[in-house]
Amino acid sequence: MDELISVIVPVYNSESYLHKCITSLINQNYLNLEILLIDNGSTDNSLEICQNYAEKDKRIKVYQTKDGSQGAARNLGILKSKGDYVMFADSDDYVVNDFCQNALTAIQKFNSDIVIFDYFIVKDGKLTLQNIFSKQVAGSVDKKIVVASLIDESFVWNKIFKRKLFSNIEFPSDEKYEDISTVYKLIAKAKKISYLNKTLYFYVTRSDSTVNTNTNVDTYLASSLKLYSFIQNDYPEIYKRDEIQESLVELVLFYISKGKKDDEFLEDKAMNIITNTHIIPKQLSNKSRILLLLLRYFPLLANFLLSAKRKVTEN
């Protein structure tokens, strides 16, 4: 098992987290790695940190892109990579020391194009296990099960890929949530997907890396609608499930309540979903339930109230 694994790490202003990330990769018990650190315009000491590590470990290669997007950084990493297998890590996250070994063993054992594994969410020092397929044993997974999971689990960093899957597939360089717009394409292209019921990755949540601004809400919806459209067109039986419809309505309500809404086309699509989807999500708060009903039956009143609320908030 001497196959080369390419681990691609986009880096942007993450000097406070970068040491832990890189250290967790260079300490892997599988040694035949190349670690591609792609700095995309950092203004702190991130680039210098990367270069210092590269001087000490020949497996580390540092590249720069001035594009400023994570998608462009990942694309450059794939272009420069030489491994038969590709894995990803974000520069503020870290991995277990058998991250690569376990993933490689699984993708070869199961003869798959993609293997998905579990991860921890790290928030305020506390760990929360994210078990992707709670009722699934390790091994091959029906693609329909994987597609349904993409609503909540469209990440590249909890997977290992055969590099050939990225032929003719790129991450969008003009979107913040490039994972959502890309993972479903890789899933669609894969002939066999498997699951490894081991926790290999630590996803660190940060206040500046979540959906916490009006602009981010808009871009999150735009990326997510591509995924929902894929499911609707290719897997209509999944799209019609109550849980999928509920998640879509909740997403659109969040956008209508919090989004910047300066894209008329996106706003029209959101309103069409509200008016044409008749399900009421079970988990909605009373306030959101009232908003949903107003939008469906009294849209002018609903928009007036939302506009008034926004003006009060801004002042």
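Note that this is a predicted model, so its numbers are computed, not measured.
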_Glu3/Arg163 salt bridge by N-O under 4.0 Å criterion_ = no
*Would a 4.5 Å heavy-atom cut-off, applied to side chains only, mark Ile169 and Thr182 as touching?*
yes
*Could you walk me through whether Glu246 and Lys282 pass salt bridge (Lys or Arg N to Asp or Glu O under 4.0 Å), step by step?*
CA-CA 8 Å; Glu246 288 184 3; Lys282 301 180 184 68; 3.0 Å; yes
*Side chains of Asn272 and Asn276, donor plus acceptor under 3.5 Å*: no
*Ring centres under 6.0 angstrom apart (Trp157, Phe88)*: no
*Do side-chain atoms of Asp179 reach the backbone of Val156 as a donor and acceptor pair under 3.5 angstrom?*
yes
*Any side-chain heavy-atom pair from Tyr17 and Ser91 closer than 4.5 angstrom?*
no
_Using side-chain heavy atoms (C-beta onward) and a distance below 4.5 Å, is Ile193 in contact with Lys143?_
yes
*Would you call Tyr12 and Asp39 a side-chain contact if the rule is heavy atoms closer than 4.5 Å?*
no
*Counting distance only, does the side-chain N/O of Asn40 pair as donor-acceptor with the main-chain N or O of Ser69 below 3.5 Å?*
yes
*Decide yes or no for Ile5 and Met87: does some side-chain heavy atom of the first lie under 4.5 Å from some side-chain heavy atom of the second?*
yes
*Gln64 versus Leu47: any side-chain heavy-atom pair under 4.5 Å?*
yes
*Just wondering, do Lys82 and Leu4 contact through their side chains at under 4.5 Å, heavy atoms?*
yes
_Basic-acidic side-chain contact under 4.0 Å: Arg74, Glu170_ = no
*Ring-face cation of Lys198 near Phe117 (centre distance under 6.0 Å, axis angle within 45°)*: no
*Can you list the steps and then say if Asn45 with Glu15 is a side-chain hydrogen bond (donor to acceptor under 3.5 Å, both in side chains)?*
CA-CA 6 Å; Asn45 294 317; Glu15 62 181 358; 3.2 Å; yes
*Below 4.5 Å, heavy atoms only, C-beta onward: do Ile238 and Ile244 meet side chain to side chain?*
yes
*May I ask you to check whether Tyr195 and Asp118 show a side-chain donor-acceptor distance below 3.5 Å?*
yes
*For the residue pair Tyr85 and Phe161, is the inter-centroid distance of their aromatic rings smaller than 6.0 Å?*
no
_Side-chain donor or acceptor of Gln136 paired with backbone N/O of Ser140 under 3.5 Å_ = yes
*Look at the side chain of Thr277 and the backbone N and O of Ile273, then say whether any donor-acceptor pair between them is shorter than 3.5 Å.*
yes
_Over 12 foreign heavy atoms within 6.0 Å of CG, Asp268_ = yes
*Determine, step by step, whether Tyr228 and Ser247 satisfy the side-chain hydrogen bond (donor to acceptor under 3.5 Å, both in side chains) criterion, reporting the C-alpha distance in whole Å, the side-chain angles of both residues, the deciding distance to 0.1 Å, and the verdict.*
CA-CA 10 Å; Tyr228 281 99; Ser247 68; 2.8 Å; yes
*May I ask you to decide whether Arg59 forms a salt bridge with Asp57, counting only side-chain N to carboxylate O separations under 4.0 Å?*
yes
*Can any side-chain N or O of Thr205 pair as donor or acceptor with the backbone N or O of Val122 at less than 3.5 Å?*
yes
*Is it true that a side-chain atom of Asp113 and a backbone atom of Lys191 form a donor plus acceptor pair closer than 3.5 Å?*
yes
*Regarding Gln130 and Tyr201, is there a side-chain donor-to-acceptor distance under 3.5 Å anywhere?*
no
*Side-chain donor-acceptor pair under 3.5 Å between Ser6 and Glu34, yes or no?*
yes
*Heavy-atom count around Gln283 CD within 6.0 Å, excluding the residue itself: above 12?*
no
